[in-house]
Amino acid sequence: MKGRSAIVVVAVVLLTAATGCIGGGNADVGADIAPNPEPVETDATGEEVLASALGATEGVGAYSVESETRMDLASLFGVSVEMETSGEFDGGNGVAYTQTQGDAGVEFLGLSGGERFETDVYQTTDTRYTRKSNGSVTGDWNVTETDGALPLGLGNLRRTVKDADATLEGVESINGTEAYVLSLDLPASAVGEEFSHTMETYGPENFGEDDEGGNASEGDVNESETYLWVDRGTDRPVRFAYVMSLDFAGDGENEAGGSVEFMGDRRYSYQGVEIQTPEGVDG
């Protein structure tokens, strides 16, 4: 699938840009997203709960997101990225502001190096302002015109899961909220695009922007889990999480072979927000 190639490319780009040719390995993000649901008596099907959840996201005014994203690429070299993002979204005014803190590291033969990074993203109805900084340098605001959904927002979630086959697994408490647990059967391309857009938007500077490694082999998915938790009272999503692992083969002196695993875990809360325009942004 095209989405699988995109994932491999995004991961391999960072690695090949720093190291060049590499060989096999086993990746592990060290995260378990599997739910522990209890049985539930209901006539609703998974497809019906999913449809209600998607409908409930339309017209939502204010909400916030807490997100964790991880990637681990294993080969002769190893690359890992971990980041946490907090965001506030004001649908009524078409404004969102997210702040990310993360770590990116490279390891080879017991030697390792890494860098702390921060990403701020402020988006209006037609413009996105992005500032990426590392541990020593604060970046400038990069301005792009866009009307696309900001990753981690409900618009992005709708796009990702809209064509999923959903199975109702039971109920589970999420931050004190009783929620239906849906397991989602999604194509690798849908999960891959969600991860890629998140990493490209909030990840380290230049992540995914170099064309090196662009011809990496598609690879085979070894494991894939995707879940959606839906508030029983409001039908709104309260958590969305996935993990996927795959192998890919190198072909040529500048391409990589090995394995990659990535995950995302998003938690949504619905409350009033007050978004201030960040310093340095004209708006």
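These values consider heavy atoms only, across backbone and side chains, with no hydrogens, waters or symmetry-generated copies.
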Between [atom1] on residue [X] and [atom2] on residue [Y], distance to nearest 0.5 Å:
X: Glu223; Y: Met244; atom1: CD; atom2: CE; value: 10.0 Å
X: Leu154; Y: Asn156; atom1: CG; atom2: CG; value: 9.5 Å
X: Ser259; Y: Asn222; atom1: OG; atom2: CG; value: 8.0 Å
X: Thr226; Y: Asp185; atom1: OG1; atom2: CG; value: 8.5 Å
X: Phe262; Y: Thr198; atom1: CZ; atom2: OG1; value: 10.5 Å
X: Ser173; Y: Asn36; atom1: OG; atom2: CG; value: 11.5 Å

>> Please determine whether side chain to side chain contact (heavy atoms under 4.5 Å, CB included) holds for the pair Val121 and Thr119, giving the CA-CA distance in whole Å, both sets of side-chain angles, and the decisive distance to 0.1 Å.
In response: CA-CA 7 Å; Val121 180; Thr119 304; 4.0 Å; yes

Taking all heavy atoms of [X] and all of [Y], pick out the closest pair and write down the distance.
X: Pro204; Y: Ala104; answer: CG-CB, 3.9 Å
X: Arg236; Y: Tyr270; answer: NH1-CB, 3.4 Å
X: Ser133; Y: Gly139; answer: OG-N, 3.0 Å
X: Ser64; Y: Gln271; answer: OG-NE2, 3.1 Å
X: Ala44; Y: Leu168; answer: O-CD2, 3.6 Å
X: Lys162; Y: Arg159; answer: CG-O, 3.7 Å

>> Test question: given the 4.5 Å side-chain rule for I, L, V, M, F, W and Y, name all other residues clustered with Tyr227, or answer none.
In response: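 Under the 4.5 Å side-chain rule, Tyr227 groups with Val29, Ile33, Ile174, Val181, Trp229, Val238, Val243, Met263.
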
>> Please evaluate residues Glu194 and Tyr242 with respect to the criterion side-chain hydrogen bond (donor to acceptor under 3.5 Å, both in side chains), reporting the C-alpha separation (whole Å), side-chain torsions for both, the decisive distance (0.1 Å), and the verdict.
In response: CA-CA 10 Å; Glu194 201 282 343; Tyr242 59 83; 2.4 Å; yes

So, [X] and [Y]: side-chain donor and acceptor under 3.5 Å apart, yes or no?
X: Arg131; Y: Thr138; result: no
X: Ser269; Y: Tyr63; result: no
X: Asn175; Y: Thr177; result: no
X: Glu193; Y: Thr160; result: no
X: Ser183; Y: Glu169; result: yes
X: Asp231; Y: Tyr180; result: no
X: Thr85; Y: Thr98; result: no
X: Tyr129; Y: Gln123; result: no

> Would you call Arg116 and Asp103 a salt bridge, taking side-chain N to carboxylate O under 4.0 Å as the test?
Replying inline: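 Answer for the salt bridge query: yes.
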
>> Looking at Arg267 and Glu66, is there a salt bridge between them, counting it only when a charged N and a carboxylate O are closer than 4.0 Å?
In response: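 No, no charged N to carboxylate O under 4.0 Å.
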
Taking the side chain as C-beta and beyond, is there a heavy-atom pair between [X] and [Y] under 4.5 Å?
X: Leu50; Y: Leu228; answer: yes
X: Ile275; Y: Phe89; answer: no
X: Phe117; Y: Lys132; answer: no
X: Thr201; Y: Arg128; answer: yes
X: Phe195; Y: His197; answer: no
X: Met83; Y: Glu118; answer: no
X: Glu274; Y: Glu88; answer: no
X: Arg158; Y: Glu58; answer: yes

> When you look at Asp165 and Leu184, which way does the side chain to side chain contact (heavy atoms under 4.5 Å, CB included) test go after all the steps?
Replying inline: CA-CA 6 Å; Asp165 293 326; Leu184 303 181; over 6 Å; no

> Please walk me through it: do Val161 and Leu186 pass side chain to side chain contact (heavy atoms under 4.5 Å, CB included)?
Replying inline: CA-CA 7 Å; Val161 306; Leu186 278 170; 4.3 Å; yes

> Any chance CD of Glu38 has more than 12 other-residue heavy atoms, nucleotides or ligands included, within less than 6.0 Å?
Replying inline: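 Not more than 12 within 6.0 Å, no.
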
>> Are there over 12 heavy-atom neighbours, none belonging to Asn134, within less than 6.0 Å of that residue's CG?
In response: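 Yes - once you tally the heavy atoms of other residues, nucleotides and ligands closer than 6.0 Å, there are more than 12.
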
Closer than 3.5 angstrom, by distance alone: can the side chain of [X] be matched with the main-chain N or O of [Y] as a donor-acceptor pair?
X: Thr127; Y: Thr124; result: no
X: Asn93; Y: Val95; result: no
X: Arg266; Y: Val65; result: no

Please tabulate, for side-chain N and O atoms in residues 141-152, each donor-acceptor pair with protein atoms closer than 3.5 Å (sequence neighbours left out).
| residue | atom | partner | partner atom | Å |
| --- | --- | --- | --- | --- |
| Trp141 | NE1 | Glu279 | O | 3.2 |
| Thr146 | OG1 | Gly148 | N | 3.0 |

>> Test side chain to side chain contact (heavy atoms under 4.5 Å, CB included) on Tyr97 and Thr277; report intermediate values, then the result.
In response: CA-CA 8 Å; Tyr97 182 35; Thr277 304; over 6 Å; no

>> Between Tyr202 and Thr69, is the side-chain hydrogen bond (donor to acceptor under 3.5 Å, both in side chains) condition met? List the steps.
In response: CA-CA 10 Å; Tyr202 304 112; Thr69 306; over 6 Å; no

